[in-house]
J.: 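Quick one: structure below, then a few questions.
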Amino acid sequence: MSAATVPQPGAPAVDAVRRANEEATMRALARGDAVLAKWIQDRVLVDTNAVAHAWNISSQAVHAARKRGEIFAVWANGKHWYAREALRFERGKLARINRTLGDVDPSSKLLFFLRQHGALGGRIVADAIAGGDLDDVLRLARNWART
């Protein structure tokens with residue numbers, strides 16, 4: 001391909017592709033915001049006060065636990081929201097799972113807790129924990145963190 005046939009920056013085709021990419025990104029962000037809003041409305045995500053009440057601790061202690069990596073939160077509507085599903089089991093087990101997931105982004109951690117996993121016999125994490133399969137959950141979390 002000669003230099004004459006390669007689209008140059010500022011060319012109409014390049015600008016159209018750039019605009020299309022920007023518009024697609026904005027639509028994807030809007031869909032993500034809509035999903036978060038629905039999860040908040042449906043109480044899939046709960047606020048700090050709900051976690052504090054469930055754990056019988058202060059809101060400040062919840063924030064401290066998040067900073068220590070014992071629990072994760074997604075950021076939406078100007079505040080932290082926590083997976084209600086994660087409150088179904090002991091704090092120590094949640095902390096072990098969350099730390100095993102490591103630097104995985106909070107949205108991916110949320111999906112880890114919400115989805116059914118073949119490696120857990122088609123169960124979600126909380127059900128596997130309730131069934132005494134913490135080691136299987138931790139093994140899955142290690143693998144999830146590597147992907």
Side-chain angles (χ1 to χ4, degrees), residues 7 9-147:
V14 172
D15 289 342
V17 168
R18 184 176 297 120
R19 271 192 311 278
N21 286 340
E22 289 170 359
E23 290 169 4
T25 299
M26 295 306 292
R27 285 191 305 274
L29 289 171
R31 284 190 307 270
D33 287 344
V35 168
L36 286 174
K38 175 126 177 66
W39 283 347
I40 291 167
Q41 178 183 352
D42 293 347
R43 298 200 35 87
V44 171
L45 295 172
V46 296
D47 65 9
T48 303
N49 292 332
V51 177
H53 178 74
W55 287 354
N56 199 28
I57 60 175
S58 69
S59 295
Q60 294 83 1
V62 174
H63 291 300
R66 179 181 42 77
K67 289 178 182 177
R68 287 191 306 269
E70 295 172 12
I71 190 171
F72 70 93
V74 295
W75 184 258
N77 299 337
K79 65 186 204 177
H80 291 103
W81 295 89
Y82 301 86
R84 184 181 70 188
E85 196 65 29
L87 301 177
R88 288 182 50 193
F89 41 92
E90 298 170 16
R91 287 176 57 190
K93 290 178 182 177
L94 174 60
R96 286 184 66 190
I97 297 165
N98 196 46
R99 288 183 177 138
T100 301
L101 287 167
D103 292 334
V104 171
D105 67 271
S107 296
S108 294
K109 286 182 180 181
L110 179 61
L111 293 176
F112 177 81
F113 282 93
L114 294 179
R115 77 182 296 258
Q116 295 174 325
H117 297 277
L120 300 176
R123 296 174 294 171
I124 62 172
V125 169
D127 291 342
I129 296 292
D133 295 323
L134 177 61
D135 290 339
D136 292 341
V137 170
L138 293 173
R139 189 171 19 265
L140 179 62
R142 278 190 294 278
N143 290 331
W144 188 273
R146 282 187 272 196
T147 58

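The figures that follow rest on heavy atoms only: side chains count, while hydrogens, waters and symmetry mates do not.
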J.: Are the ring centres of F72 and F112 closer than 6.0 Å?
T.: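 Here the rings of F112 and F72 have centres that are no less than 6.0 Å from each other.
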J.: Give the intermediate values and the outcome of side chain to side chain contact (heavy atoms under 4.5 Å, CB included) for residues F89 and V125.
T.: CA-CA 10 Å; F89 41 92; V125 169; 4.3 Å; yes
J.: Check step by step if side chain to side chain contact (heavy atoms under 4.5 Å, CB included) holds for D47 and K79.
T.: CA-CA 8 Å; D47 65 9; K79 65 186 204 177; 3.8 Å; yes
J.: Which atoms form the tightest heavy-atom contact between S107 and V74, and what is the distance?
T.: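 That would be N-CG1, 4.0 Å.
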J.: Using side chain to side chain donor-acceptor pair (under 3.5 Å) as the criterion, point out the one residue from R68, K67, R66 that pairs with E70.
T.: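 Among R68, K67, R66, the one that satisfies the side chain to side chain donor-acceptor pair (under 3.5 Å) with E70 is R68.
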J.: Should P106 and W75 count as side-chain neighbours, where that means a heavy-atom distance under 4.5 Å?
T.: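 P106 does not reach W75 side chain to side chain.
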J.: Under a 4.5 Å cut-off applied to non-hydrogen side-chain atoms, are R91 and I57 in contact?
T.: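 The answer is yes; the side chains approach within 4.5 Å.
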J.: With side chain to side chain contact (heavy atoms under 4.5 Å, CB included) as the test, would you mind laying out the steps for F113 and L101 before giving the verdict?
T.: CA-CA 11 Å; F113 282 93; L101 287 167; 4.1 Å; yes
J.: Measuring from atom CD1 of I124 to atom CZ of R115, what distance do you get when rounded to the nearest 0.5 angstrom?
T.: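 So the gap between those two atoms works out to 12.0 Å.
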J.: At their closest point, which heavy atom of I71 faces which heavy atom of W55, and how far apart are they?
T.: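 Result for this residue pair: CD1-CH2, 3.5 Å.
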J.: Counting only pairs under 3.5 Å, give me each side-chain donor-acceptor contact of residues 129-142, with atom names and distances, residues two or more places apart or in other chains.
T.:
{"unit_1": "D133", "atom_1": "OD2", "unit_2": "R123", "atom_2": "NH1", "d": "3.0"}
{"unit_1": "D133", "atom_1": "OD2", "unit_2": "R123", "atom_2": "NH2", "d": "2.6"}
{"unit_1": "D136", "atom_1": "OD1", "unit_2": "R139", "atom_2": "NH2", "d": "2.5"}

J.: Judged by atom type as modelled, is there a donor-acceptor pair below 3.5 Å linking the side chain of W81 to the main-chain atoms of A76?
T.: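 The answer is yes, because a donor-acceptor pair under 3.5 Å joins these two groups.
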J.: Taking atom CG of D42 as the centre, report whether more than 12 heavy atoms of other residues, nucleotides or ligands fall under 6.0 Å from it.
T.: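 Yes, CG of D42 has more than 12 neighbouring heavy atoms, counting only those of other groups under 6.0 Å.
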J.: Working to the nearest 0.5 angstrom, can you tell me the gap between L94 CG and R99 CZ?
T.: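 That separation rounds to 9.5 Å.
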J.: How far apart are the closest heavy atoms of N98 and G69, and which atoms are they?
T.: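 Minimum heavy-atom contact is ND2-O, 2.8 Å.
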J.: What are the two closest heavy atoms between V104 and K109, and how far apart are they?
T.: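 It is O-CE, 3.2 Å.
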J.: Distance from R88 atom CZ to D127 atom CG, nearest 0.5 Å?
T.: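 Result: 4.5 Å between the selected atoms.
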J.: Backbone N or O of R43 within a donor-acceptor pair of the R84 side chain at under 3.5 Å?
T.: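 Such a contact is found between R84 side chain and R43 backbone.
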J.: What are the two closest heavy atoms between A52 and S59, and how far apart are they?
T.: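 It is CB-N, 3.9 Å.
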